[in-house]
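First the proteins, then the strands, lettered A, B, ... as listed; each starts at 1.
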Amino acid sequence: MAIPLPRDFYARDAATVARALLGTSLVLRRPDGIVARARVVETEGYVGAQDLACHASRGRTARTAVMFGPAGHAYVYFIYGMYDMLNVVTGPTGDPQAVLIRAAEALAGVAGPLNGPGRLTRALGITRDLNGADLCVGPLTFEPGPPPAEVIAAPRVGVGYAGPWAAAPLRFYDADSRHVSRR
DNA sequence: GCATCGATGGTG
DNA sequence: ACCATCGATGCA
């Protein structure tokens, strides 16, 4: 049983944390006592208020408030009427950066595919009630793990509306993983 | 293999 | 009206 990644890990810029999260283990202690573990293989960085793809670029609202808080907390939001998206808040307090967890490889206690942000939260049972949860305490934590041999950087998925930010290479994934959401 | 579409509801 | 998605459908 490893020690959860500390606050300092998250208190860096979102692009750095997005890369660094690849290979770590997402660990979720569920109410029924089952512990789910999954190796993170794909992430995206949302790098602050100036990033037009970042929700916080439209200012602080009830939904985005947690991104303005301290690093190492979960930002979980609901989209398309049916999916919850899991993010990790990064950077200095007051600087709204976050990393979207897009895909993972099931290691234990998980049923169903994790190759996409909506599938991942669905299979793990992650919903908005984890919004704001402290990732240094649990029930949701990340633990250290071996990084990928090769990481590919690419434009983020589904942010074509973000003007000049649409092409920024802020999506990161394990080049050798078969569990990435798409090539 | 690809393009397109509908589901479904919170948000500003 | 829009949306950091997904599964189904149609066609090649």
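Remark: ring of A/Y80 does not overlap the six-membered base ring of B/dA7 in a stacked fashion, as centroids less than 5.5 Å apart with planes less than 30° apart are not both met.
A/R122 comes within 4.0 angstrom of no nucleic acid atom, judged by non-hydrogen atoms across all strands. Counting any heavy atom pair closer than 4.0 Å across all strands shown, A/R156 reaches no nucleic acid atom. A/T61 comes within 4.0 angstrom of sugar-phosphate atoms only, judged by non-hydrogen atoms across all strands, and of no base.
The distance between atom CG of A/L100 and atom P of C/dC3, rounded to the nearest whole Å, is 16 Å. Here the C1' atom of nucleotide C/dT5 and the OH atom of A/Y77 are 9 Å apart, to the nearest Å. Between the CD1 atom of A/I79 and the P atom of C/dA1 there is a distance of 18 Å, rounded to whole Å. Residue A/M85 contributes atom CE, which lies 16 Å from atom P of B/dT8 at whole-angstrom precision. With rounding to whole Å, A/R182 atom CZ is found 11 Å from C/dC6 atom C1'. Look at CZ on A/R58: it is 10 Å from C1' on C/dA4, rounded to the nearest Å. Protein atom OH of A/Y46 is 13 Å distant from nucleotide atom P of C/dC3, rounded to whole Å. Rounded to whole angstrom, the span from the CG atom of A/L52 across to the P atom of C/dC3 amounts to 12 Å.
A/V17 is connected to A/L135 through a chain of hydrophobic side-chain contacts under 4.5 Å among Ile, Leu, Val, Met, Phe, Trp and Tyr, so both are in one cluster. Note: the hydrophobic cluster containing A/Y80 does not contain A/L124 (ILVMFWY, side chain heavy atoms under 4.5 Å, direct or indirect links). Both A/L5 and A/L26 are members of a single hydrophobic cluster when ILVMFWY side chains are connected at heavy-atom separations under 4.5 Å.
In this structure, C/dA4 forms no base pair with any nucleotide, since neither Watson-Crick nor G-U wobble geometry is met with both distances under 3.5 Å.
Comparing A/A62 and A/G81 along DNA chain B, the residue whose closest nucleotide (by nearest heavy atom) sits nearer the 5' end is A/G81.
Side-chain atoms of A/Y161 lie closest to C/dC3 of the nucleotides B/dG9, B/dG12, C/dC3. Each of B/dG10, C/dA4, B/dT11 was ranked by its minimum atom distance to the side chain of A/Y75; first place goes to C/dA4. Of the candidates B/dA7, B/dG12, C/dT5, the closest approach to any side-chain atom of A/M82 belongs to B/dA7. The side chain of A/Y83 lies closest to C/dT5, out of C/dT5, C/dG7, C/dA4. Comparing C/dC6, B/dG12, C/dA4 against the side chain of A/R119 picks out C/dC6 as the nearest.
In this structure, A/H179 contributes its side chain and A/A104 its backbone to no donor-acceptor pair below 3.5 Å.
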For this session: Dump the intermediate steps for salt bridge (Lys or Arg N to Asp or Glu O under 4.0 Å) on A/R19 and A/D13, then the final yes or no.
Result: CA-CA 10 Å; A/R19 264 185 188 274; A/D13 65 274; over 6 Å; no
